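What follows is a set of notes on a single structure, which appears directly below.
Predicted model, so just to flag it, every value in this text is computed and none were measured. Letters go in sequence order (proteins before strands), and every chain restarts at 1.
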There are 2 protein chains.
Amino acid sequence: MEQNKIPQATAKRLPLYYRFLNNLHHQGKLRVSSKELSEAVKVDSATIRRDFSYFGALGKKGYGYNVEYLLGFFRKTLDQDELTEVALIGTGNLGTAFLHYNFMKNNNTKIMMAFDANPDKVGKDIGGVPIYHIDDLEKKINGVQVAILTVPAAAADGITNRLVDVGISGILNFTPARITVPDSVRVHHIDLAVELQSLVYFLKHYPLDTEE
Amino acid sequence: MEQNKIPQATAKRLPLYYRFLNNLHHQGKLRVSSKELSEAVKVDSATIRRDFSYFGALGKKGYGYNVEYLLGFFRKTLDQDELTEVALIGTGNLGTAFLHYNFMKNNNTKIMMAFDANPDKVGKDIGGVPIYHIDDLEKKINGVQVAILTVPAAAADGITNRLVDVGISGILNFTPARITVPDSVRVHHIDLAVELQSLVYFLKHYPLDTEE
DNA sequence: ATACAATTGTGAAAATAATCACGACTTATT
DNA sequence: AATAAGTCGTGATTATTTTCACAATTGTAT
Ligand SMILES: NC(=O)c1ccc[n+]([C@@H]2O[C@H](COP(=O)([O-])OP(=O)(O)OC[C@H]3O[C@@H](n4cnc5c(N)ncnc54)[C@H](O)[C@@H]3O)[C@@H](O)[C@H]2O)c1
Ligand SMILES: NC(=O)c1ccc[n+]([C@@H]2O[C@H](COP(=O)([O-])OP(=O)(O)OC[C@H]3O[C@@H](n4cnc5c(N)ncnc54)[C@H](O)[C@@H]3O)[C@@H](O)[C@H]2O)c1
């Protein structure tokens with residue numbers, strides 16, 4: 001909603017900054033410089049200052065940033081006070097791992113429900129999250145805006161269409177399938193096999209030295 | 001080693017192209033245009049042509065690309081005929097999911113061994129991969145060049161130092177910790193909480209319409 | 001043969017992102 | 001009070017990535 005002039009590259013780093021600021025705060029640190037933060041998050045300090053500057057003047061020259069103030073600012077900016085409900089589809093290896101993980105720790109997101117096609121899984125719960133049958137998706141989803149997709153690739157398109165029809169806004173897609181959605185839905189792909197393979201490619205074809 | 005003029009953005013897409021070309025080949029398709037491929041992988045067709053062009057003229061004007069030829073080319077380029085051995089550290093929720101997954105399917109990478117600190121896990125195997133005690137890391141790793149890190153964040157730095165000392169080349173880091181390594185080691189961070197949170201941020205702050 | 005439709009490869013332009021470098025200001029020290 | 005050291009915010013620059021747009025070429029149909 002607000003200002004959408006913030007570069008995407010910046011937006012992707014915000015949750016990272018937020019997490020490290022939280023760490024600093026818990027450590028009792030009162031202030032932090034872009035240089036210190038840079039060493040912690042491995043992002044160039046000029047990039048950090050530039051990122052912050054899109055939100056105005058958050059720091060003080062010669063001093064740095066007040067941890068508590070900055071944390072509070074990012075809490076608001078990242079809507080940390082508002083819970084985002086998430087549904088997970090496919091409670092296999094990967095889905096189960098996510099259900100056991102507490103995304104709430106540094107996060108305003110919570111997996112509220114899971115779906116699976118396997119009747120052995122339906123009716124149980126994992127990590128306190130109830131598992132419903134995928135046939136009941138439309139009945140149970142109840143306005144949840146974000147879905148994590150961890151079904152087999154072959155099932156990805158079908159489920160996606162149903163998620164779109166039911167009005168989902170965002171999908172975090174872990175399947176190797178590149179799903180098709182209307183422009184009103186945002187998809188982030190996390191392709192673990194590609195990540196592993198591209199790491200290997202970089203190792204073999206790039207001089208081991210600079211950047212990450 | 002070879003030409004390192006290939007842009008990083010391009011290099012990251014290569015495994016994706018490779019996988020979809022494999023799919024097409026299995027479907028018996030003989031040729032493909034950048035437009036078709038674009039619809040499948042959701043990358044602009046001009047970008048695909050540009051990516052391919054870094055490797056020379058792989059296609060034919062007015063025709064497109066020969067699937068088998070292109071596949072063979074990428075197989076060589078991505079060193080698909082050479083196995084890359086991988087070690088996984090931390091056989092918890094996420095680590096276990098990866099051990100159950102067959103990265104070999106479209107891939108030249110294989111998890112050969114896993115390590116954990118929990119004596120209940122040591123000595124067993126998951127998905128056919130033996131689990132050793134983390135104390136035996138140096139003894140067992142045997143020149144493996146790539147590690148997947150799925151330990152608790154607090155253990156990340158210690159393990160990383162040991163991996164570096166033992167001569168690792170690349171680390172796929174799933175912990176929220178931003179680990180420190182010398183320039184000779186490449187780290188790719190996959191930060192699932194950040195991915196989820198940044199998706200939520202985009203949904204709330206960006207007009208639902210263009211790009212992905 | 002010829003015409004037509006399809007599609008590449010790429011120069012040029014545009015968009016996006018990262019980095020440099022410095023003036024202005026803050027805090028700490030003497 | 002003056003000085004020194006530290007640090008931000010940002011204009012300018014550079015680097016990287018994406019996209020446009022079209023001449024050149026190919027395959028197909030008549
Ligand atoms: N596990 C990994 O390490 C890994 C790595 C890379 C990619 N992936 C991808 O992530 C996805 C999930 O992987 P996984 O290892 O958890 O697979 P999995 O087979 O363990 O789990 C898939 C789950 O989805 C359920 N399912 C199947 N069809 C369904 C449907 N139509 N509706 C609802 N649920 C359905 C199955 O019952 C199962 O519980 C796959 O697409 C896989 O390719 C996984
Ligand atoms: N599970 C998720 O969905 C998820 C999501 C986001 C991030 N992460 C991150 O991924 C990492 C792993 O998550 P998880 O859910 O699998 O955690 P987990 O606690 O289930 O597993 C961690 C494993 O590491 C082992 N371990 C602990 N200390 C060790 C050491 N020094 N050497 C070797 N092994 C050691 C533990 O015995 C355990 O088996 C964590 O850093 C977590 O923050 C996980």
With a 3.5 Å cut-off and heavy atoms only, can you find an N or O donor on one side and an acceptor on the other between the side chain of R50(A) and the base of dT19(C)? yes
For the atom pair OG1 (T175(A)) and CG (D157(A)), what is the distance rounded to the nearest 0.5 Å? 8.0 Å
Atom CD1 of I48(A) to atom P of dT7(D): distance rounded to whole Å? 13 Å
Mind calculating the distance between NZ (K61(A)) and C1' (dA24(C)) to the nearest angstrom? 5 Å
Ignoring backbone atoms, test whether T47(B) places a side-chain nitrogen or oxygen under 4.0 Å from the OP1 or OP2 oxygen of dT18(D). no
Expressed as a whole number of angstroms, how long is the span from Y63(A):OH to dT27(C):P? 8 Å
Nearest-angstrom distance from the residue atom CG of L58(B) to C1' of dT8(C): 11 Å
With a 4.0 Å cut-off on heavy atoms, is R13(A) in touch with a base, just the backbone sugar-phosphate, or nothing at all? sugar-phosphate
One thing to verify: whether E138(A) and R162(A) come together as a salt bridge, which I'm taking to mean a side-chain N less than 4.0 angstrom from a carboxylate O. yes
Under 4.0 Å between any heavy atoms, over every strand shown, what does S34(A) touch: base, sugar-phosphate, or nothing? Just pick one. sugar-phosphate
What is the distance from OH of Y54(B) to C1' of dT10(C), rounded to the nearest Å? 10 Å
Result of checking L24(A), V67(A), L16(A) against L37(A) for side-chain contact (heavy atoms from CB on, under 4.5 Å): L24(A)
D51(A) CG to dA18(C) P, straight-line distance once rounded to whole Å: 8 Å
Provide, to the nearest angstrom, the distance between the CG atom belonging to D44(A) and the C1' atom belonging to dC8(D). 14 Å
How many Å lie between CZ on R49(A) and C1' on dC22(C), as a whole number? 11 Å
Of dT8(C), dT17(D), dA18(C), the nucleotide closest to the side chain of A9(A) is dA18(C)
For the ring pair H189(A) and F174(A), is the centre-to-centre distance below 6.0 Å? no
So CD of E68(A) and NE2 of H25(A): to nearest 0.5 Å the spacing works out to 4.0 Å
Taking OP1 and OP2 of dG9(C), is either one under 4.0 Å from a side-chain nitrogen or oxygen of Y65(B)? yes
